[in-house]
Amino acid sequence: QQFLERYGWIQPKDWNNLKYEDVSVPVDEDPAPQDSYVISEGLSQPNSIGSKERDTDPTLSPQYNDALRSFQKANGIQVTGRLDEETKLAMSKPRCGFPDNISGQNAANNESLSNTTSLNDTESSTNNSSTETPPIRRKRFLSRLIQHAQKKRSTQLLGDNPGLGFSKKTLKWRLMKEGYSAQLEEDNQRSALALAFRMWSEVIPLQFEEDTVSPLSEIDIKLGFGKGTHLGCSQAFDGPGKEIAHAWRLGNIHFDDDEHFTVHSSEGLNLLKVAVHEIGHTLGLSHILRPGSVMQPNYTPRDSNFELDWQDRKAIQSIYGVCEGPFKTVFDWVWKSDQTYRFNTYFFRSDRYWMYENRYNRTRYGDPNFITIGWPGVPNSNIDAYVHIFASNRDAQYFFKGTQVWRFDPQRNMAYTEDSYGNRYPKLISDEFPGVSGPVDTAFYDLRTNLIYFFKGNDVTAFSVGRNQIERGYPKRIIDVFPAVTSGDHPIGNLDAVYFSYAHRATFFIKDKFYWKVVGNGDLKYNPTLPYNGLLSQDRVVNKWFDICDVHSSTVFTS
Ligand SMILES: [Ca+2]
Ligand SMILES: [Ca+2]
Ligand SMILES: [Zn+2]
Ligand SMILES: [Zn+2]
């Protein structure tokens with residue numbers, strides 16, 4: 001009963017009021033994860049729930065029976081409505097202290113949940129314990145929460161849910177001095193937490209900064225380890241085993257220091273994974289009873305390639321929205337390996353870049369990185385354009401910034417200062433491409449015609465690589481060379497990037513948060529009346545390239 005009350009199972013299960021868009025609601029046939037970690041310390045302790053069974057079982061009220069049934073259903077164990085061995089085992093697993101059975105309606109009756117949901121972001125910095133919050137205010141907040149959830153469902157809004165999440169874009173966190181764990185090196189605790197925050201900022205437009213100096217009132221999320229009654233918290237921990245941590249929505253995070261937390265180890269409870277889960281609560285997520293979700297209440301051992309999966313990403317993005325451009329340069333990098341050509345897609349903005357993994361629909365883990373680290377010798381920020389001349393008799397890669405051009409040496413993975421012909425770089429664009437002067441907005445090499453198109457303002461210049469000169473009649477207006485397929489739907493000028501994607505076998509014009517696909521052979525087969533080099537209707541960049549998110553400067557990996 002204690003377990004069921006504490007973790008919110010007493011009220012009927014009602015997922016309807018807080019369902020996240022695009023996230024499948026847990027279904028009964030979902031099996032519980034087979035690999036749930038059973039911590040040895042936990043099982044060696046007297047099982048207080050089990051020892052009470054004889055006293056309480058015969059008198060279980062229908063309410064407790066129902067709660068047990070829904071717990072059993074959700075955990076994929078046999079639904080008996082009785083506290084049998086299997087159920088006891090499921091309840092004794094290491095788990096999070098945040099209540100499972102969250103819905104807007106039953107939340108109002110659930111004291112511990114009311115505590116967790118009644119904080120908003122202005123209170124959270126000054127008021128750790130919400131017990132001071134008047135009940136009326138709580139109810140109002142909850143009804144607002146429900147309204148938001150319902151509004152979201154009906155209008156399919158992405159993001160724009162101020163009642164559900166933080167409204168700031170950069171959040172400050174601190175591992176409190178009095179809250180360090182005695183088990184781990186301080187640096188290891190802090191770096192595990194920094195990495196956990198970073199994992200969320202890799203999928204939503206929110207950044208996290210560790211702040212060890214500002215006044216406490218400026219810290220958005222305070223974290224700490226504690227045992228039993230801890231850190232002035234209203235919910236005491238339970239000694240070794242079972243509850244391992246808990247978090248307050250838009251508030252603080254506590255770890256039970258009676259648990260065996262580890263970093264860089266397969267033993268014990270992985271602090272990174274537990275922290276990612278608890279931060280999920282602080283950001284506004286409830287438990288998600290889906291195997292593989294980082295938000296499932298029971299701890300499962302960390303996989304070596306632990307990351308937020310597609311549905312977890314969608315869940316948090318339903319609160320905070322998705323990361324959008326603009327990107328200043330986008331290109332496919334083609335390289336040769338064992339006589340086979342391969343490509344990788346890169347997005348550049350300011351002083352950093354991302355590698356985009358098309359087959360996984362996300363950026364490479366650990367990105368963004370600084371341009372200076374990945375592309376030594378090219379300008380360290382605000383690159384205008386990239387061109388790869390990829391002809392039978394010429395294979396050369398260039399970066400453009402301002403009036404200058406740099407040539408990149410893929411063999412040595414750095415910019416040339418001098419190539420094998422004695423050409424020194426960087427040089428004026430007009431010295432390498434006669435008749436073309438910088439700065440350019442963007443440029444791309446057209447394999448089919450052996451032309452480089454240079455874009456600037458509303459104009460485009462076609463440069464013949466074979467004849468080493470500008471094509472006759474250029475510059476022309478972009479809209480005349482690349483006409484709109486749908487009248488009025490055209491970027492006109494001031495493009496950010498134009499690039500040929502090997503993954504999509506298509507050329508894209510990118511400007512701000514939108515892209516236009518250039519009519520290709522496939523499109524012409526389908527509709528022969530489409531104009532050559534026409535631009536198809538615009539769409540949002542985020543509908544084609546997902547989760548290209550920035551992280552706080554302090555958490556960009558530099559080695
Ligand atoms: Ca515990
Ligand atoms: Ca550009
Ligand atoms: Zn949890
Ligand atoms: Zn606590």
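Remember, it's 1-based here, ligands and their atoms both numbered in the order they're listed.
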SB check [X] [Y] (cutoff 4.0 Å):
X	Y	result
Asp550	Arg352	yes
Lys517	Asp539	no
Arg540	Glu324	yes
Lys227	Asp258	yes

query = If you stand at the Zn ion (ligand 3) and look out to NE2 of His281 and NE2 of His287, what angle do those two lines make, to 10°?
reply =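 So the angle at the metal works out to 100°.
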key: side-chain hydrogen bond (donor to acceptor under 3.5 Å, both in side chains) contacts in which one or both residues fall within residues 495-504, not counting sequence neighbours   =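 The answer is Lys328-Asp496.
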query = Restricting to N, O or S atoms of His277, which is nearest to the Zn ion (ligand 3)?
reply =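 Result for His277 and the Zn ion (ligand 3): NE2.
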request  = For the Ca ion (ligand 1), check which protein N, O or S atoms are under 3.0 Å away and list them.
outcome  =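 Sorted hits: Asp238 OD1, Gly239 O, Gly241 O, Glu243 O, Asp256 OD2, Glu259 OE2.
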query = Residues two or more places apart in sequence or in another chain: which of them pass side chain to side chain donor-acceptor pair (under 3.5 Å) with Tyr425?
reply =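 Expected list: Glu432.
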Hydrogens and angles aside, do [X] and [Y] bring a side-chain donor and acceptor to less than 3.5 Å of each other?
X	Y	value
Gln183	Glu259	no
Gln311	Lys314	no
Lys456	Thr442	no

inquiry  = For a quick test of reading the model, state the closest non-hydrogen atom pair linking Leu495 to Asp441 and the distance between them.
reply    =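 Minimum heavy-atom contact is O-CB, 3.3 Å.
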ask   = Which protein N, O or S atoms lie under 3.0 Å from the Ca ion (ligand 2)?
value =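 Correct list: Lys328 O, Asp384 O, Asp441 O, Asp496 O.
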